[in-house]
There are 2 protein chains.
Amino acid sequence: MAGNDVISRRSLHGELVDLLHDMVLDGELRPGDKINEQALCVRFGVSRTPLREALKVLASGGLVILAPNRGARVARISPQEIDQLFPIMGALESLAGELACQNISNADIARIRKLHDQMVHHYEKKESAPYLKLNRQIHEAIFDAANNAELTQLYHTIMVRTHAVRFTAKKSPARWHEAVEDHVKIMDALEKRDGTRLGVLLKDHLRHKASMVHESLTEMSAEAAE
Amino acid sequence: MAGNDVISRRSLHGELVDLLHDMVLDGELRPGDKINEQALCVRFGVSRTPLREALKVLASGGLVILAPNRGARVARISPQEIDQLFPIMGALESLAGELACQNISNADIARIRKLHDQMVHHYEKKESAPYLKLNRQIHEAIFDAANNAELTQLYHTIMVRTHAVRFTAKKSPARWHEAVEDHVKIMDALEKRDGTRLGVLLKDHLRHKASMVHESLTEMSAEAAE
DNA sequence: GCTTTGCATTTTGCATTCAAATTCGGATGT
DNA sequence: ACATCCGAATTTGAATGCAAAATGCAAAGC
């Protein structure tokens, strides 16, 4: 979707969608935060019209909540939403895995294997940040291999909605181990191009992730008062 | 103090999103049609601002295409998009089927059985319109039983994008027969609450549907010049 | 005859403006 | 002291205004 033609003639509201998007992802705007139109307008040097258009778009994607006459807030994510969204992400990743197995080249498998080995290496050294980065790259690579832009974009919009878990989710050692084990199996199925199995594994992997996040989220919400 | 929603205080742009949505679904706005802002403004008696907001939202959902400085058009659907979207719908319906089997009551199964039998009856009489209506109701009922609002909504937005096929798609007798056979199996799996099998069947069903639409779409685009 | 050029009209993108709703602070009454 | 009410200030929702871009069309050039 980064379709920049030679002459990048993007619209202002489009830029703003990305900008706000990034602000939410970077944690500059936290879930539940009020979004002050005027403040953002002066910050970005635009008028309210395009900003409001961007907010409507983000709201339709579920990233912000618009309360009539009360303005916009960054959406919070509830345990119920986690329960609903993760199975969806599971289904989509599962599909991505199946499709990837149909298309992927040996070179791309080798590339993912490399990412995988590096990731495991970081796991063994308990280096969380580079682990997470490689993890993301692996999943991205699978989606790339699936060669279905609509699928990739859809997955991305949903995943963004779960961004909030980053502020709470902390992998327990057991969960982390589980995740790595999942990935070993995933890598194996991918190398065998066993799409069906890869699909199941990815769905399971997401289910584990959901459990992890759900645990961590309920536990956190217990101690964090509003 | 949360229950003030008795008075539906919807925003204008929200109304317009639905309105335009319906216009596209009803075929009043056909794929490829230019959307004239001013004309719609006078028609709905609103100013351009909320209308434009609505267009941005619809564009983010893929139902309309915005070309910078060139306005909005109702999105066309290409065979490639069909190829990308139908597997996604398949994955989502498959998930819906699996979830439905976990939750569904006997009463709901009986209700769906009734719809199914009616639908088959209409198939035998080759009554296309009531067949399609019952078909839709069955799929809706499965999503309802899945009890995942996010999933239902997501499916709906994607399905809407494929609305265009209504103008071209014509079931061949063979394809129609295939679809009914799929449904017989689907009904069976549902009554046995065999989620895994139902999931596979629904995925297959969508794959068949995709083939059908794809055939019909390429064939039509061959004879229809721009 | 066909394409290209220049200009008027229309359409689009965004800023500004205005009215309605909400929020906040303090005064009032119990 | 506490809750309630009132009004100013802020904030939101939508209409209007205005400049830039695109479109349509007629005349000029090849």
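Each chain gets a letter, A, B and so on, in the order the sequences are listed, and its residues count up from 1.
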Tell me the interatomic distance from [X], atom [atom1], to [N], atom [atom2], rounded to whole angstroms.
X     : N      : atom1 : atom2 : result
A:K56 : D:dT12 : NZ    : P     : 10 Å
A:L66 : C:dA21 : CG    : P     : 18 Å
B:E15 : D:dA14 : CD    : C1'   : 14 Å
A:H13 : C:dG13 : NE2   : P     : 9 Å
A:L12 : C:dT12 : CG    : P     : 18 Å
A:F44 : C:dA15 : CZ    : P     : 13 Å
A:L51 : D:dT12 : CG    : P     : 10 Å
A:E53 : D:dT12 : CD    : P     : 16 Å

Table of protein N/O atoms under 3.5 Å from nucleotides 16-19 of chain D N/O atoms:
from   : atom 1 : to    : atom 2 : distance (Å)
D:dT16 : O4     : B:T49 : OG1    : 3.3

Counting only side-chain nitrogens and oxygens, does [X] get under 4.0 Å of the OP1 or OP2 atom of [N]?
X     : N      : value
A:Q38 : D:dT10 : no
B:R52 : C:dG13 : yes
B:N36 : C:dT11 : yes
A:K34 : D:dT10 : no

Tell me which nucleotide among C:dC14, C:dT22, D:dA15 gets nearest to the side chain of A:R70.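 Minimum distance to the A:R70 side chain belongs to C:dT22.
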
Considering only heavy side-chain atoms of A:N69, the closest of C:dT22, D:dA15, C:dC14 is C:dT22

Over 12 foreign heavy atoms within 6.0 Å of CD, B:E127: yes

Carefully, step by step, assess B:R30 and B:D33 under the rule salt bridge (Lys or Arg N to Asp or Glu O under 4.0 Å). CA-CA 5 Å; B:R30 294 298 208 86; B:D33 279 2; over 6 Å; no

Check ring-ring contact (aromatic ring centres under 6.0 Å, His included) between A:H208 and all other residues, then give those that pass, not counting sequence neighbours. none

Acceptor/donor pairs from residues 49-56 of chain B side chains to any protein atom, 3.5 angstrom cut, sequence neighbours excluded:
from  : atom 1 : to    : atom 2 : distance (Å)
B:R52 : NH1    : B:E37 : OE2    : 2.8

Please answer whether the main-chain N or O of B:G32 pairs with a side-chain N or O of B:R73 as donor and acceptor at a distance below 3.5 Å.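 Pair found, side chain donor or acceptor close to backbone of B:G32.
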
Assess the side chains of B:H139 and B:E93: does a donor N or O sit below 3.5 Å from an acceptor N or O?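 A pair is found: one side chain offers a donor N or O, the other an acceptor, under 3.5 Å apart.
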
Can you list the steps and then say if A:D182 with A:K209 is a salt bridge (Lys or Arg N to Asp or Glu O under 4.0 Å)? CA-CA 10 Å; A:D182 284 353; A:K209 207 163 163 182; over 6 Å; no

